[in-house]
Each structure stands twice: as C-alpha cells, then as structure tokens.
K.L.:
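To start, I am sharing the structure in question, which I have written as structure tokens.
This structure is a prediction, so every number in the text was calculated from the model and none was measured.
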Amino acid sequence: HSPVDVRICLYKSLLPQLCEGVNEQWYKVIAEALRALAFVPRFFVIGYTDEDDEATRVKEREDVSNMLYNAIEPKLAAHDVDQEIKECALKATASLLSSLHSIMPADKKTRLLTLLLDRLKNETTRIGAIKNISTIAAASGANTMEDNAAIDLSPVLAESISTMSSFLKLQSRSLKQSTLEALDIIVTNHGSYEQFKDGKLFSSVVKDITPLIVDSDLHLSHLGLQCIDSILEVCPEAGLAVKAHVLEPALALSTSSLLQDLALDSLLAFFKQVVVAKAVEFDELLFLLRQSLSHDKVGKHAVYNLAKCIAIITSCSGPDSTKKVLNEIFEVLESSTTPGDAASVRQVQLSLLITGDLGRMSDLSADGSADRLKVIYVSKFDSSSEDLKHAAAYALGNAAVGSPDTFIPAIISTLEGDNKKQQYLLLSALREFIKCSASIGSDSLSSSLKDLIVPLEKHCTDDEEGVRTMVAECFGSLCCLHPETMLPKLKDLQLAHSDITAVDGMVADDDETSKKNALVCWTVASSVKLAIAGKVDVAQLTTYMPTFVSLLNQTELTVRTAALLLVYSATHHMPQAVSGLMQESVVPALYEVSALKLQRTVDLGPFKHVVDDAIPLRKAALSIFSTCLESLPGSLDFASFMPVLAKTLGDAEDIQLHAHQIVISMCARHPSYIVNAADSFVEPLEKTLKKKTGQKTGTELERLNDWIKSALRVALTVSRVEGVMSSSQRFPEFIERVRNDEKFTSKLQALSAEQ
C-alpha cells in the first residue's frame, strides 16, 4: 500500500481504535496493539506529498504524537504487567521518539526518556531497553521529520552510558554484546555533547571495556575496540585512559595467533585512531609493536598481523614517518643474507611484510623505493627460509596494488623466465595482487588484466599441481571480477585443448598432446569451481556452463575428477547454473561414473594389492547426488537412481557411509521410493553386517564397529518407513535375522537410545 493511503486511514479511523486496544484486558491483545502502534510514526514522516501544506502536517503529527504518548506511556510506566507488554511498550516508545520527537513537548520527551532509563536499570527489561535506546540514538534522516535531525538525549544520556558501562562487568555475554553495540551507536551520534568534553565519563567506559579485549572472545574484542575507537574520535581527552588501560591488551591481541577478520580490522582501526588522536606518540607505538616480535610465543600468523599494525600507523602518520620506517627497513633487508637464528628471520620477515602492506596503502614509486623493493623481493625468492620466500611473495603482490607500473611488469617478465623454483612464488604474488585489488576496489587490476592472462595461460600446463592450483585461484578470482572477459577465455582454452586420448583413464607416456590438454582442462575446471565458490555472476556463468560441464565426458581421470568437483560446487553454491543441464548432461554422466571401476594390481613384493583408481570419482558422483536431493530434487529420476544407490551400499567403506546418509535422508523425504527399493538393500547391508573383526585392534576396530553400526542404523530406519515391512518380501526377514543375532544386541540398544 502507498504510505500516503496508510497515513490517511490511520489518522481518520484506525489509530484511535489501536490506541483503545492497549486498554484491553488480555495481555496478548495489548501486546499486539503496541506492536501495531510501533509502526505508526514512520507513516507520518514518509506519508506526505508535496501538495500537503505544512500546517496540515504539523497538526496531524501533533495529534498523532499525543494519541501515541497517551496510549504508550501508561504501559511503559507500569511495573505489574506481562513481560511481553513491557517489551512491546519499549519498542513503541523507541519508534515514537525516533520519528516524531521534534513535534513533541519537552516534558513528554523527558518523561519517556526517564522511563526508558528506569527500564534500563531493571534486570528483566534492560536488554530490551538497551536495544531501543540505541535505536533512538541512531535515528536520523529518512525516518525523522527533518534530515539529519537527532533527538536531544542529554537529560538521561550520561546516566544511561554509566549504567550500560556497568553491565560490562556482569557475566552475561549477550548483555555485554548488546551493551557494546549500543554504546558505539550512542557515542558516535551523541558523544560530542559539551557535558562529555572533559573525558571523565568516557575514561570510565574505556576502563570497563578493557577486560573484554582478549583473544578468547574475538567478537567482544571487536565490539570493544570499535567502541573505544568511536570514543577517541569524539573525545580525544579520553586518550590518557586508553593509553593507560587499553594499549597493553591491544598489543597482546596483536600477537595472538587467533586474531583475524573483524577483530583484526577493529584492532587496526584502533591503532590508527590512537595515533591520529595523539593518545600515543607514533615512535612510542612503533617501538612497542616491534618489541612484541621478540616474544617467544609469536607465531607466523601473528607476524603478518604485526606488519599490518605497523603499516597502518605508519601510513597515517604522514610521509616523513613512512620515509623513516622504509629507510630502517632497507637497512635490514639490503644488508642481510638469510639469518641463521629464528629471531633474526622473524625480523627480516616482518620488514618484508611491512613494505608490502605499506605499498598496498600508497604508491612507493615516487621516491624510488619501489625499484629497490622489487630487487629485494626477487632476491628473497632464493632464500633458504620458506618463511622469507612466502613473505616476499605476499609483499610483492600487495605492493603491486599501490605501484602496479613498477611491480606488475616485473612479475610478468619473471614468470616468462625458466626459473621453476620462482614460478609458484610469483603466482602467489599475483594471487595476492588480484585479491587485494578486488578488496579495495583498485583500478590497477582492470588496466593490467590483458597482461596477466598471458603468463597465467602459459602455466596452465605446468607439471606441478601446486602451480596449476595457484593459476586456477587467479583465474577463479578474475572470473568473479571480470566474468565478461574471463569466462569466454576459459571456454576457448577448454575447446582448444579438448582432444584427450586416455585408455582406462590414463594418458599414454608418449602422448604429449593429450598430457598437455589434460593439464589445461584440469586447470579450467578447477578455475570455474573456484569462481563458483567466489560467487561469480550466475547469469553470465550459465551461458558457458554447457561447455564446462562437457568435461564430464572426458575419460582422463584427473580431468573427470575436476569436472565432478566443478559440478558439485555448482549444485552446492549455484544450483540455478546447472539446473537446466542436469537431466541431459550431468545425471547420465553421473550414472556412468557410479558404475565405473578401474582396478589395477600393485606388486608390493611379499603380496599384491588391488587399487581402484575410480573410487574418488564414485565418491564425487555420490556427493553430487546427495546435494541434488537437497537443492535440485526435480533433476533426479528416483526410479533410475534407486538401483545406483543400492549398488553404492556395497561399495568401498567411505562410499558406503555416504550412501547410508542418503538412504536415511530419503526415508524422510521420499519414503515411497524406499518402499519399492527396500529389498535391493538387503544383500549389501547384510554383507556389511557380516564383516569380521579378525585381528583388528584400536582405531581399526573402532572404525569397523562404526561402519557396522551405520549399516544397522540404515536397516532400522528403513524398517520404520510405512509400507516397508508389509509390502517387501526380503527386508522383513532380514530385519528379523538382525534382531535375533546376539552380536548386534548392544549396538541395537545403543541405536534405540539415540532415537
């Protein structure tokens, strides 16, 4: 409905009736009436047109605010009412104050705010009060009468902040989380009031937040640091308290091996704000962060986080600080070979990482630093330390974001060389460049795209799977960013290398063409799989999926496995991309793979071992069937699928266990097909139940018992499906034999206890 029509109906007839509803006797009616009233105020903000005169607007808003106040205030003030009524009254109050506060008399606003403060101090309503006070504090713009209008919370703000701050000392995690979220909103929108300029109240809040900044709860740490960051922005006078109380736990958090995601982002923002607000001098903080590296418990992950912290405080301190830090780093990097002790290696590693993070934030080519770093990065690729090699690759990729004209040509030219040892590291650097460019929205990637494709295409045929995997990651990320360019490119690559001859899944040793084509097709399939996981544009992907899915028809093992994993990723993440191809292309190929066996005998000297190279393919096919039951049930012909499922119940152990889960799922979702197929389950299940323990002990024995128990669970679940025991011929006899066998008694009792 149009907001204008809703406003007119509310004002003329509905609103008085809703206000009367809060005076009913039954608490459910009162609560629903208050919920309805909570939606009313916004229609008297957005429900007007340019033709409505200002006098009409003012009169209607005054009348509405008075009616709402008279209906809501008694329920908000009452103590002896149901909890649901209290919560709905809080919500209605927040809506009224957020939207119509500027038309309300000061005494009524103060009355409602005072009642909110009372509810904040009450244990049963404090979480609801916290959330609604934050709603009021955040209200401005479209849902208020004037753009950017904000309610004056000064009558209760200081006491509200102090009360909420005290909640941080309590045990309830949900209470602390709600409190921190609310405090951040309040400080951001109302923290610049004159009464807070001395910083005393905010210093007290900072002190209460400090114990929450620990790596044992990263989400609370994130919220706490975010709140302190907001406090420093509006009240730099709280900087002394931040330095005294927060700096130490923040430094400890920076060296935690658990630090990641939002907590890391908040910590970086905190350190930046600490320097900007001059709560801590740059040189002092830089020294403390570097000193943190000397702790024995600092792991590899922590070194990367420390580098980010140092880079961000350096970049926000101005060009002089950046130049100073870079000069110190050049002294470390240009004067050293690979150090012999772990502490020195970490120092060099940190220096490399800092240059990369600094290079991502700014262009280092202006003063020649980029050229010096380019030489350093490439030289570190030959280091004997793996940590330094990977740090150099990370730094090269990140620095290329800020100075693409210097670093990208260097990466490409080195990739075209013959140094096999450096290929993986250079591709790793390229991956970092692509990821970082995407995350910050840099234009450098678009301008370099054509140049990047050439070396990536060249390394599609690399013998090293790790190198090809890195190429696939780069292609996959590029597909997400530039699908209009990359998807046609991958299609052309596949079609140009689709001629693969493989007997029993293996390419002949002397068939170099088929070997090369298989490597390219594997890389293409892996690239598309990663692009799907990265949320490539599904509309554009669907156009090219018939070509990519055709890889299922290849007989070479690695290509076929990669194609199956591609289809699995699509059915899991983007079922709409393959839904039109399932019945004609995908399902027939899956049936073929499900029956495929490629057994060979390996001579191990004293004995021979039979290996089935098709097991990974059959596992992947079954995983696709399982996913289709959830996301694309209409794509399966269950009558044709049931014989395949029965056959998998007698396959290798891992495949059997997965098939057990599918049967159990189908008992609930598609019981009629289970009834018709139950007899075909008897032979494979009975064969599993007759497995002998032999000389197995320990983990092997436990694994076998779990296998047998899983088969029993399937048998019992199928027996409970309506119609199985009455219409099947062999299955009831099978169940009877199982229940009469003493060796299954304990397992059956355990399964019954699970129900």
K.L.:
Could you report the tightest heavy-atom contact between Ser498 and Gln554, atom names first, then the distance?
P.N.:
O-NE2, 2.9 Å
K.L.:
Apply side chain to side chain contact (heavy atoms under 4.5 Å, CB included) to Thr542 and Gln576, showing your working.
P.N.:
CA-CA 8 Å; Thr542 304; Gln576 64 270 40; 5.5 Å; no
K.L.:
Would you confirm whether Lys597, through its side chain, and Asp612, through its main-chain N or O, come within 3.5 Å as a donor-acceptor pair?
P.N.:
no
K.L.:
Ring-plane angle category for His222 and His219, please: parallel below 30°, perpendicular beyond 60°, tilted otherwise.
P.N.:
tilted
K.L.:
With a 6.0 Å cut-off (strictly less than), is the heavy-atom count around CD of Gln729, excluding the residue itself, greater than 12?
P.N.:
no
K.L.:
Quick check on Asp637: does its CG atom have over 12 non-hydrogen neighbours (other residues, nucleotides or ligands) under 6.0 Å away?
P.N.:
yes
K.L.:
Do the non-hydrogen side-chain atoms of Val682 and Arg737 ever get within less than 4.5 Å of each other?
P.N.:
yes
K.L.:
Using a strict cut-off of less than 4.0 Å between a Lys/Arg side-chain nitrogen and an Asp/Glu carboxylate oxygen, indicate whether Glu733 and Arg730 qualify as a salt bridge.
P.N.:
no
K.L.:
Give the minimum heavy-atom separation between Ile453 and Lys489, together with the two atoms involved.
P.N.:
CG2-CE, 3.8 Å
K.L.:
Any side-chain donor paired with an acceptor under 3.5 Å for Ser526 and Glu473?
P.N.:
no
K.L.:
Counting neighbours of NZ on Lys458 that are heavy atoms of other residues, nucleotides or ligands and sit closer than 6.0 Å, is the number greater than 12?
P.N.:
yes
K.L.:
Could you tell me which non-hydrogen atom of Ser665 sits nearest to which non-hydrogen atom of Glu630, and how far apart they are?
P.N.:
OG-OE2, 4.3 Å
K.L.:
Please work out which of the three classes, parallel, tilted or perpendicular, describes the rings of Tyr424 and His390, given edges at 30° and 60°.
P.N.:
perpendicular
K.L.:
Decide whether Ser172 and Ser174 meet the rule of one side-chain donor and one side-chain acceptor closer than 3.5 Å.
P.N.:
yes
K.L.:
Is the closest side-chain heavy-atom distance between Asp217 and Arg173 below 4.5 Å?
P.N.:
yes
K.L.:
With a 3.5 Å distance limit and no angle check, can you tell me whether Ser728 reaches the backbone of Val724 through a side-chain donor-acceptor pair?
P.N.:
yes
K.L.:
Excluding sequence neighbours, so at least two apart, what forms side chain to side chain donor-acceptor pair (under 3.5 Å) with Lys176?
P.N.:
none
K.L.:
Apply side chain to side chain contact (heavy atoms under 4.5 Å, CB included) to residues Leu657 and Gln661 and explain how you reach the verdict.
P.N.:
CA-CA 7 Å; Leu657 292 172; Gln661 295 173 3; 5.6 Å; no
K.L.:
Ignoring hydrogens and geometry, is there a side-chain-to-backbone donor-acceptor pair from Arg618 to Leu596 under 3.5 Å?
P.N.:
yes
K.L.:
Taking 4.0 angstrom as the limit, do Lys709 and Glu702 come out as a salt bridge?
P.N.:
no
K.L.:
Before we go on, tell me: are the rings of Tyr568 and Phe625 under 6.0 Å apart, centre to centre?
P.N.:
no
K.L.:
To the nearest 0.5 Å, what is the distance between CZ (Phe381) and NZ (Lys389)?
P.N.:
10.5 Å
K.L.:
When you measure from the side chain of Ser527 to the backbone N and O of Thr523, does any donor-acceptor pair fall under 3.5 Å?
P.N.:
yes
K.L.:
Hey, is the main chain of Thr547 close enough, under 3.5 Å, to the side chain of Gln494 for a donor-acceptor pair?
P.N.:
yes
K.L.:
Walk me through it: do Ile411 and Leu396 pass the test side chain to side chain contact (heavy atoms under 4.5 Å, CB included)?
P.N.:
CA-CA 9 Å; Ile411 294 175; Leu396 176 57; 3.8 Å; yes
K.L.:
Is there side-chain contact between Trp522 and Asn517, with heavy atoms separated by less than 4.5 Å?
P.N.:
no
K.L.:
Looking at His497 and Leu493, would you say the former's side chain and the latter's main chain have a donor-acceptor pair under 3.5 Å?
P.N.:
yes
K.L.:
I'd like to know if the side chain of Ser266 and the backbone of Ala263 have a donor-acceptor N/O pair within less than 3.5 Å.
P.N.:
no
K.L.:
State which residues pass side chain to side chain donor-acceptor pair (under 3.5 Å) with Thr558; sequence neighbours excluded, sorted by chain then number.
P.N.:
Glu556
K.L.:
Donor-acceptor check, side chain of Ser585 to backbone of Met582, threshold 3.5 angstrom: yes or no?
P.N.:
no
K.L.:
Using side chain to side chain contact (heavy atoms under 4.5 Å, CB included), reason through Leu598 and Val611 one step at a time and then give a plain yes or no.
P.N.:
CA-CA 8 Å; Leu598 297 172; Val611 176; over 6 Å; no
K.L.:
Any non-hydrogen side-chain atom of Val663 less than 4.5 Å from a side-chain atom of Thr717?
P.N.:
no
K.L.:
At their closest point, which heavy atom of Leu427 faces which heavy atom of Cys474, and how far apart are they?
P.N.:
O-SG, 3.9 Å
K.L.:
Looking at Met725, I'd like to know if its CE atom is crowded, meaning that more than 12 non-hydrogen atoms belonging to other residues, nucleotides or ligands lie closer than 6.0 Å.
P.N.:
yes
K.L.:
If you count heavy atoms of other groups shown closer than 6.0 angstrom to CG of Asn705, is the number above 12?
P.N.:
yes
K.L.:
Any chance you could lay out the side chain to side chain donor-acceptor pair (under 3.5 Å) test for His572 and Thr627, step after step, and finish with the verdict?
P.N.:
CA-CA 6 Å; His572 184 70; Thr627 306; 5.0 Å; no
K.L.:
Rounded at 0.5 Å granularity, tell me how far CG in Asp706 sits from CZ in Arg713.
P.N.:
8.5 Å
K.L.:
For residues Thr688 and Gln656, is any side-chain donor paired with an opposing acceptor at under 3.5 Å?
P.N.:
yes
K.L.:
Within the 4.5 Å heavy-atom criterion, are Thr571 and Cys628 side-chain neighbours or not?
P.N.:
yes
K.L.:
Grab the two heavy atoms, one from Val214 and one from Ser221, that are nearest each other, plus how far apart they are.
P.N.:
O-OG, 2.6 Å
K.L.:
Could you list the residues that satisfy ring pair (Phe, Tyr, Trp, His ring centres under 6.0 Å) with His301, not counting sequence neighbours?
P.N.:
none
K.L.:
Check whether any side-chain heavy atom of Glu464 sits under 4.5 Å from a side-chain heavy atom of Gln423, and report yes or no.
P.N.:
no
K.L.:
Where the side chain of Asp462 meets the backbone of Arg468, is there a donor-acceptor pair that is under 3.5 Å apart?
P.N.:
no
K.L.:
Hey, which of Lys691, Lys619, Arg703 is the one that makes salt bridge (charged side-chain N to carboxylate O under 4.0 Å, His left out) with Glu653?
P.N.:
Arg703
K.L.:
Please check if the number of heavy atoms outside Asn740 that lie under 6.0 Å from its CG is greater than 12.
P.N.:
yes
K.L.:
With a sphere of 6.0 Å drawn around NZ of Lys608, does it hold more than 12 non-hydrogen atoms of other residues, nucleotides or ligands?
P.N.:
no
K.L.:
When you compare the side chain of Leu557 with that of Arg560, does any pair of heavy atoms fall below 4.5 Å?
P.N.:
no
K.L.:
What closest approach, in Å, do Lys647 and Ala595 show between heavy atoms, and which atom pair accounts for it?
P.N.:
NZ-CB, 4.0 Å
K.L.:
Which class fits the ring pair Tyr394 and Tyr304: parallel under 30°, tilted 30 to 60°, perpendicular over 60°?
P.N.:
perpendicular
K.L.:
For the pair Thr555 (side chain) and Ala502 (backbone), establish whether a donor and an acceptor sit closer than 3.5 Å, ignoring hydrogens and angles.
P.N.:
yes
K.L.:
Could you state the interatomic distance from CG (Asp511) to OG1 (Thr513), rounded to the nearest 0.5 Å?
P.N.:
6.0 Å
